[in-house]
Amino acid sequence: TETLNLTVNYSTSGTSTEVACDSYTWACNGMTYTTSGSYTCTYMNAAGCVHTQTLNLTVNYSTQGSSTEVACDSYTWACNGMTYTASGVYTCTYLNQFGCLHTQTLNLTINYSTTNGGTTTTQCNSYLWNGTTYTASGVYTYTTLNTAGCVNTATLNLTINYGSSSTTNIAACNSYTWTNGITYTASGTYTYTTNNAAGCD
């Protein structure tokens, strides 16, 4: 009589699904994968039979982009909400549509507004400046674009003095010599112009 005590063990298999950014290192075999695909790894199971593990891998990728901007005085970048006041190269990172890192680069040129030294003048009655006539003292500004395309502000410090007048009624016999040194021998209305204390007519 012959007796067989037989134990049959079985091979096994398993499947895992992974999604990774740029690369994935599989602990099953220590391999690093950089492309999507289906990969297998074999080892002995607890029963000493072959175990085949299958990896269904999706590899998504990080992305990058760049933009160039020119601004006056400052620039607020929507990418990160930061306001920059100097030219430079700046970066901002966020997750792209695949959940991987996106790096955005900003090439920024900042130009600046300018002011000139200002004009100070005293005039009588009115003053024409850059197409506008002013009749009152004050500080006025006029803006144009400088060579960089930014605002240039010119300032006018203006003093307006005013002319004055007076009337003298005189009745004289035969002739009258007026302040201006002229002798009049006929009735009439005459004028004489000098400068008042403000230097105006």
Of all heavy-atom pairs between [X] and [Y], which one has the smallest distance, and what is that distance?
{"X": "S175", "Y": "T183", "answer": "CB-CG2, 3.8 Å"}
{"X": "Q64", "Y": "H102", "answer": "C-CE1, 3.5 Å"}
{"X": "C72", "Y": "G149", "answer": "SG-O, 3.7 Å"}

Output yes when a side-chain donor or acceptor of [X] lies under 3.5 Å from a complementary backbone atom of [Y], and no otherwise.
{"X": "N180", "Y": "T191", "value": "no"}
{"X": "N196", "Y": "Y162", "value": "yes"}
{"X": "N146", "Y": "Y112", "value": "yes"}
{"X": "T141", "Y": "T155", "value": "no"}

Discussion item. Walk me through whether S74 and T85 qualify under side chain to side chain donor-acceptor pair (under 3.5 Å).
Written reply: CA-CA 4 Å; S74 66; T85 57; over 6 Å; no
Worksheet item: Can you name the one residue among N157, I160, N161 that meets side-chain contact (heavy atoms from CB on, under 4.5 Å) with T122?
Response: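 Result for side-chain contact (heavy atoms from CB on, under 4.5 Å) with T122: N161.
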Discussion item. Between T105 and T91, do the side chains contain a donor N or O and an acceptor N or O under 3.5 Å apart?
Written reply: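 Side-chain D/A pair, T91 to T105: absent.
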Worksheet entry | Pair D201-T193, side-chain donor/acceptor within less than 3.5 Å |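 No pair is found: no donor N or O on one side chain lies under 3.5 Å from an acceptor on the other.
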Worksheet item: Checking ring pair (Phe, Tyr, Trp, His ring centres under 6.0 Å) against Y39, which of W26, Y24, Y33 comes through?
Response: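 In the set W26, Y24, Y33, the residue that makes a ring pair (Phe, Tyr, Trp, His ring centres under 6.0 Å) with Y39 is Y33.
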Fill in: Under the ring-ring contact (aromatic ring centres under 6.0 Å, His included) test, residues paired with Y84 that sit two or more places apart
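Residues passing ring-ring contact (aromatic ring centres under 6.0 Å, His included) with Y84: Y90.
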